[in-house]
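Input: a single structure, listed below in structure tokens.
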Amino acid sequence: MDFKRRNGGPVMGGASQAKRGKTTDDWEDNPSQFEEELSMFDDMEMDMEEMEGQAGHDVIPVGDLFSADLNPRWKRPHAPMLNSSSDTLVFQQIDLDYYLGPSVAGMPGQSQANVPIIRMFGVTDSGNSVCCHVHGFAPYFYVPAPNGFKPDYLGEFKRELNSVVLKDMRSNKDNISITVLAVDITRKESMYGYHGQRSLDFLRITMAMPRLIAPAKRLLEQGFKFGHYPIQNYQAYEANIDFEIRFMVDSDVVGCCWIELPKGKYRVSLCQYEVDVGWTDLISHPAEGDWQRIAPLRVLSFDIECAGRKGIFPEPDKDPVIQIASMVQRQGETEPFIRTVFTLQPCASIVGSQIFCFTQEKQLLQSWAEFLRTVDPDIITGYNIQNFDFPYLLNRAAALKVTYFPYLGRMRGKRSVLRESSFQSKQMGRRENKTINMEGRVQFDLLQVLLRDYKLRSYTLNAVSFHFLQEQKEDVQHSIITDLQNGNEQTRRRLAVYCLKDAYLPLRLLQKLMCVINYMEMARVTGVPLTYLLSRGQQIKVVSQLLRQAMKQDLVMPVVKTEIGEDYTGATVIEPEKGYYSLPIATLDFSSLYPSIMMAHNLCYTTLLQKGSAEKLGLSSEDFIKTPTGDQFVKSSVRKGLLPEILENLLAARKRAKAELKSETDPFKKQVLDGRQLALKISANSVYGFTGAQVGKLPCLEISQSVTGFGRQMIERTKQLVESKYTISNGCDADAKVIYGDTDSVMVKLGVATVKEAMDIGREAAAWVSSHFTPPIKLEFEKVYYPYLLINKKRYAGLYFSSSADTHDKMDCKGIETVRRDNCPLVANLINTCLQKILIDRDPQGAVGHAKEVISDLLCNRIDISQLVITKELTRTAQEYAGKQAHVELAERIRSTCWRTTFPSTHSTTWSSSLRQHSPLPVWRGVLSVTRSL
DNA sequence: GTAGAGGCCTAA
DNA sequence: TGAGTTAGGCCTCTAC
């Protein structure tokens, strides 16, 4: 059962990375390899270049930079004229936001003052960019109508609410005269709790602007009086929904879907397809069949270099930007079609890329901004661009007074502003984040993606590239960048190659990890804009799905105030029978345990019976169930829950995606489908977490504790069933024994000698146990461990047999030092080798011998320092010292970190005697004791 | 010396 | 104004 990891600690990246230790350099690649790759691009494009008149212009004088003839490919393809009365406009929407602007004549909605206008950015099949203004959609929320409310009262309610909201405003800079646009009466039902499917009258309150929702809600909650009704508190529903999500849910738009504007229903206003449309006129296509395709998006990756002073972290008000490398690639293609470096001072040419040299830094920045606006990318990537490159560029441009730099978005005249937000939370620690508005472009910082989705020991671009691509950065020490800049054309050329590669690697990684595709599929599946996936958490995705499902049944979501109560009981971990097993151990798992529990027992907000409800509603005991925690839910025969419905859709869609994946031959479509099935799985697993999030949009501990309660019961039952059936008295070779289990899995010692037998019995047992549970709950045989070393709860290792009974797939290690990132490589490697000797070679004495050898190497100072360093700690230390010229102190600090993590509780000067006395490294001690006991 | 709290990271 | 859950091992630090 997997949950997504939390974000890691502070990280340095981009231009600020520390170089790796010496011994890890043996995989250093030849710098010319990347240059060869670059020149290959050039060869392939030769013909095209000649036609476009670009050949022979490797180093281009600045004055000609934006000559249309010189760089025709920078621009998007020509956009044919659009006739709104005869053409439909179809585009893939990739970003969606809203702004306040003057109403447009002929468009629906309010005609006075500023109105909220939804804006969708996208790309057509032919690669033309689209900005679509959607008019006439207004924000709203609900409150239950007071007793005896009649339609006649609507006017008075509206007038009074409008007046108190106006009065509440401290300033009225937009000169709003009408805050409440409409109040309507409508039949709705609260989704929280089952109350006999009784629809009630709700007031739907439509406000003039999204930011008026919060005050209106507050005033109604605190006590509101109108007409002859006494003052009264109103509970608000759906008043905490982002305006974008509200619009998307209501118009059935999901993230990255295709939008069609029928002919005659929109109007063209400006440049490459800037159009206006009424919100009810647009057609949103579900991401199915042909509508799963992805437009030829432009992805720009860039990297900057700064000339910092010796030992000091570059500061934008002092240190110049000397180079900016950019690569642009169309989504779906394999190579970048634009490769440029903007340099300060002359630079020798690099085959396969254009170099633009500037004498003035101001001009360099200005030109790069123009380059970006010309290329008009849909997605901007790079490594740590969000917290380093973009802020640095913006600050530097401000310091140099480059007036036209900070307009990086797609809206003409809209300034890009840097905002620093730091929030503290107990879980995440202090976290500083910078954001820059760039309307219509998705900032897809690869570092942020990796931090969210991958658990890695180190997040430097170098380490990450090696991990995923077996490739490295160009070898340029961070400390010599300034010297290279101050050298000659050739040294600056070396720097430019380095810079180009740093722009290229993120593109390669993006492609290899299929980030864009996977994120798009996630946006489509969960219905949120692409940008939300990187800037927001998990909850919004569930909210989006919940609202969509609820709307179909006229259910509304209450706004609940968060009050943190006590934690609830989670899963059971079966007490392990620790030891070394030289027999096959079969592992049986409940697949998607928590989602299947919610489906099997119809657990949902809408099916929850609150205390006393069963009696009040006259339900018989046949109508509802009592969960292990004593909570009550009506059965699906009474009402089917929203959550089970969502989960069924997700899992059914996943099945379809997997089936399509099997029959699909096109590799690109295959990738899309794989991304889809992954997104569907992750989405299903996060529904449970949402109900248990006490600081959340709609926590419901009755659901989450019932889920874990069922889980506890099931794992216990599984143990009993297996141990009662597979016994000697039932004709088996031995009595089966569950030696360990955690949450949704049991490890069974069946007493058989071969992997094959363990697999066969395991499969049979899983099927038999499954029959004792309500579908879709299913226990599956997953793998055999042979041999198996069970060290403790959540700590074990074994050879993993799944695909074949003859050869193991891998050595699987859980929770042990080898997989933990708070240990130095020496420890991880030592333990890993010991485990290999124990499990693969079956040579415990060899393991002991190896451990002794390593210890002795350590004592004799034969271990390289890089083996003793925890990259995370090192990074943190380096960051603390960044900007301070404290090399000696830093080195000392690193040394002590090494000692501390290698010899816990031991001071470096006393380790020798300490080692003998206390046997340091409890981990090692653990291994030694295990090996000794064999 | 040891008990307990707190930090970190993992399993699921 | 945004944040999915609990269980649990093992380390360090502190108080006694």
Side-chain angles (χ1 to χ4, degrees), chain A residues 1-9 211 213-214 217-218 239-242 421-429 431 433 435 452 455 457 532 535-543 559 561-562 564 566-576 578 587 589-594 682-701 703-705 707-709 711-712 715 740-746 782 791-796 812-823 827 870 872-873 876 900-906 918 920-923 925-926:
Chain A
M1 174 158 279
D2 41 33
F3 283 100
K4 286 268 99 181
R5 60 174 290 271
R6 292 197 303 276
N7 288 350
R211 69 174 157 84
I213 296 264
K217 164 193 169 257
R218 175 167 43 81
N240 54 352
I241 310 299
D242 300 282
S421 63
S422 75
F423 72 79
Q424 262 176 312
S425 82
K426 274 175 196 159
Q427 291 257 307
M428 306 262 238
R431 196 154 243 274
N433 249 326
T435 51
R452 266 180 189 257
K455 290 189 298 184
R457 280 209 145 75
Y532 275 38
S535 64
R536 307 273 296 264
Q538 306 292 326
Q539 296 212 34
I540 188 67
K541 298 195 274 190
V542 183
V543 169
V559 179
K561 51 179 183 288
T562 55
I564 41 163
E566 280 182 14
D567 289 351
Y568 60 91
T569 314
T572 299
V573 183
I574 295 173
E575 194 58 45
K578 299 173 205 172
T587 303
D589 285 50
F590 285 103
S591 57
S592 307
L593 177 68
Y594 287 175
I682 295 171
S683 296
N685 280 334
S686 59
V687 172
Y688 152 77
F690 177 78
T691 66
Q694 299 202 31
V695 187
K697 278 258 158 69
L698 196 61
C700 182
L701 266 40
I703 296 174
S704 29
Q705 70 185 6
V707 169
T708 57
R712 290 193 297 276
I715 198 168
Y740 180 57
D742 185 346
T743 312
D744 61 353
S745 65
V746 285
E782 199 175 76
I791 298 170
N792 212 334
K793 280 183 176 176
K794 301 191 190 284
R795 289 168 69 85
Y796 61 82
D812 205 19
C813 299
K814 291 293 162 70
I816 303 172
E817 277 60 26
T818 51
V819 298
R820 290 182 66 95
R821 296 175 299 168
D822 52 358
N823 285 96
V827 173
I870 298 177
K872 280 203 133 176
E873 291 237 6
R876 203 164 306 168
R900 191 157 52 75
T901 57
T902 317
F903 294 110
S905 319
T906 313
H918 312 299
L921 274 183
V923 185
R925 205 193 306 145

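If you're wondering where the values come from, they're calculated on a predicted model, not measured in any experiment. The basis for the numbers below is simple: all heavy atoms, side chains too, and nothing from hydrogens, waters or symmetry mates. Lettering follows sequence order; numbering is per chain, from 1.
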### Task
Could you give the distance separating dA12(B) and dG4(C) at their P atoms, to the nearest angstrom?
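About 22 Å, rounded to a whole number of Å.
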
Counting just side-chain N and O atoms, does [X] come under 4.0 Å of either OP1 or OP2 of [N]?
X	N	result
R795(A)	dC10(C)	yes
K814(A)	dA12(B)	yes
K455(A)	dA11(B)	yes
N240(A)	dT1(C)	no
Y594(A)	dT6(C)	no

Interatomic distance, [X] [atom1] vs [N] [atom2] [rounded to whole Å]:
X	N	atom1	atom2	value
Y796(A)	dT10(B)	OH	P	15 Å
I564(A)	dT5(C)	CD1	P	11 Å
L593(A)	dT6(C)	CG	P	16 Å
K794(A)	dT6(C)	NZ	P	13 Å
I816(A)	dA12(B)	CD1	P	11 Å

### Task
Answer yes or no: is there a donor N or O on one side and an acceptor on the other, between the side chain of Q694(A) and the main chain of E566(A), under 3.5 Å?
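Confirmed, Q694(A) side chain pairs with E566(A) backbone.
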
#### Entry: All side-chain hydrogen bond (donor to acceptor under 3.5 Å, both in side chains) counterparts of Q539(A), not counting sequence neighbours
none

#### Entry: R536(A) with D242(A): basic N within carboxylate O range, under 4.0 Å
yes

